[in-house]
Amino acid sequence: MEFLPLFHNLRGARVLVVGGGEIALRKSRLLADSGAVLRVVAPEIGAEVRELIERSGGEEILRGYTESDLNGCVLIIAATDDEPLNAQVSADARQRGVPVNVVDAPALCSVIFPAIVDRSPLVIAVSSGGDAPVLARLIRAKLETWIPPTYGHLAGLAARFRHQVKGLFPNVQQRRAFWEDVFQGPIADRQLAGQGAEAERLLQAKIDGDAPATTGEVYLVGAGPGDPDLLTFRALRLMQQADVVLYDRLVAPAILDLCRRDADRVYVGKQRADHALPQDQINQQLVDLAKQGKRVVRLKGGDPFIFGRGGEEIEELAAHGIPFQVVPGITAASGCAAYAGIPLTHRDHAQSVRFVTGHLKNGSTDLPWKDLVSPSQTLVLYMGLIGLPVICEQLIKHGRSAVTPAALIQQGTTVNQRVFTGTLANLPQLVAEHEVHAPTLVIVGEVVKLREKLAWFEGAQASV
Ligand code: SAH
């Protein structure tokens with residue numbers, strides 16, 4: 001190991017920064033954030049650095065560097081673009097045995113700055129020993145995406161209960177098991193979901209020994225329209241904790257693969273007119289599994305609250321007092337529009353967008369047609385394939401122009417995405433001609449025309 005990672009407590013300690021420009025600013029910011037008192041020496045000092053000096057209760061010295069500037073400092077940073085000066089500062093600091101960092105010159109450093117993931121009080125530092133800072137930064141970026149921003153709150157929660165837990169379990173091993181359970185279970189989930197008070201309540205109950213017998217929970221997770229890359233961090237985290245996953249037809253296999261390997265997978269169907277399980281049975285199953293203490297992921301295509309019957313499912317859970325979380329997902333309209341190069345609104349073409357279900361009850365047409373014909377409104381039809389001839393006909397009949405541009409997007413955002421464009425008048429014909437199947441989204445409005453200009457990135461996808 002070239003460098004030993006240590007975390008430096010700088011609160012109230014004086015740190016010398018030589019230099020007052022852009023490089024000095026970056027380091028000064030970090031130092032001020034960790035509570036150091038800044039002494040900055042440079043003939044010129046930028047306004048932002050000055051602010052930091054003031055905030056830290058430090059001092060600015062407007063002249064060239066002299067050796068005596070090191071007096072009383074516990075850490076020295078050389079942040080100028082004058083190489084001989086940086087080397088001098090480094091030599092002086094080493095002479096005195098004070099740690100020194102020279103920005104971008106590892107050979108002159110006795111200490112180096114790592115790439116930092118800050119989830120205070122949890123801090124992760126990554127270093128390549130100065131050899132490949134870009135690599136360290138890339139790893140940092142990966143960690144940033146894995147570790148939720150609120151992760152540090154878990155440490156805060158632990159800090160508040162540490163003494164109580166220590167009193168409860170004098171034995172280290174028992175204590176470790178207790179905290180492992182807390183950090184990997186529903187208590188941590190609550191805290192990460194921003195429900196700190198509830199997390200504290202559950203933790204207190206666990207300490208008092210009267211934790212509820214069933215700690216099962218249901219996560220209603222929006223899996224997005226198909227591309228696994230469109231999952232949210234929270235969706236992925238909960239999927240990887242699941243004991244059971246209930247999924248339907250819209251959830252792509254590639255997404256299902258991201259669930260915890262040994263989770264039970266239950267297909268609950270949901271094909272138009274071919275519900276593998278009626279909704280009330282799905283609701284009941286969620287309740288039953290949670291009551292058995294399981295962590296249940298109900299994985300839904302798109303967003304659970306947009307034509308996803310998520311509302312009905314949580315109503316049932318709430319009625320049975322079962323804890324649940326709803327994780328929003330990218331709805332088909334957003335995903336398909338983005339991947340097909342069709343902005344849903346546009347200053348010149350559409351001032352509003354309306355999501356409508358095309359699923360016609362018993363073949364009847366009970367949509368509010370008059371509200372749907374404004375030329376400056378984009379219409380997005382979910383489940384619109386079967387009713388499409390009726391829908392197009394009614395829209396035209398109620399005044400929407402027959403030449404309004406329209407698009408069909410089949411299996412949007414997936415590798416199988418197909419897009420066909422035409423007009424309100426010939427859309428049903430396109431469906432027949434190209435054997436378009438569900439899931440398909442229909443977009444109607446002037447914005448569809450923009451696809452010609454914006455879909456250049458789409459490569460080989462079919463288009464008419
Ligand atoms: N909750 C989902 C919608 C469920 S309704 C969401 O927010 O996206 C099912 C309808 O969504 C399908 O009939 C289809 O119209 C649309 N849909 C869902 N995923 C789609 C996809 N990848 N491509 C095209 N349409 C999709």
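In what follows, residues are counted from 1 in the order of the sequence shown. First listed ligand is number 1; within each ligand, the first listed atom is number 1.
- Side-chain polar atoms of Tyr339 and Thr414 form no donor-acceptor pair below 3.5 angstrom.
- The protein residues lying under 4.0 angstrom from ligand 1, judged by non-hydrogen atoms, are Pro225, Leu250, Gly301, Gly302, Asp303, Ile306, Phe307, Thr331, Ala332, Cys336, Tyr382, Met383, Ile409, Gln411, Gly412, Pro439, Thr440, Leu441.
- Salt bridge present: Asp243 and Arg260 bring a charged side-chain N and a carboxylate O closer than 4.0 Å.
- No donor-acceptor contact under 3.5 angstrom links the side chains of Gln292 and Asp288, judged on distance only.
- In this structure Asp33 satisfies the salt bridge (Lys or Arg N to Asp or Glu O under 4.0 Å) test together with Arg55, sequence neighbours excluded.
- Sorted by first then second residue, the salt bridge (charged side-chain N to carboxylate O under 4.0 Å, His left out) pairs that include residues 390-401, not counting sequence neighbours, number zero.
- Each ring-ring contact (aromatic ring centres under 6.0 Å, His included) pair with one or both residues in residues 240-261, not counting sequence neighbours, appears once here: Tyr247-Tyr267.
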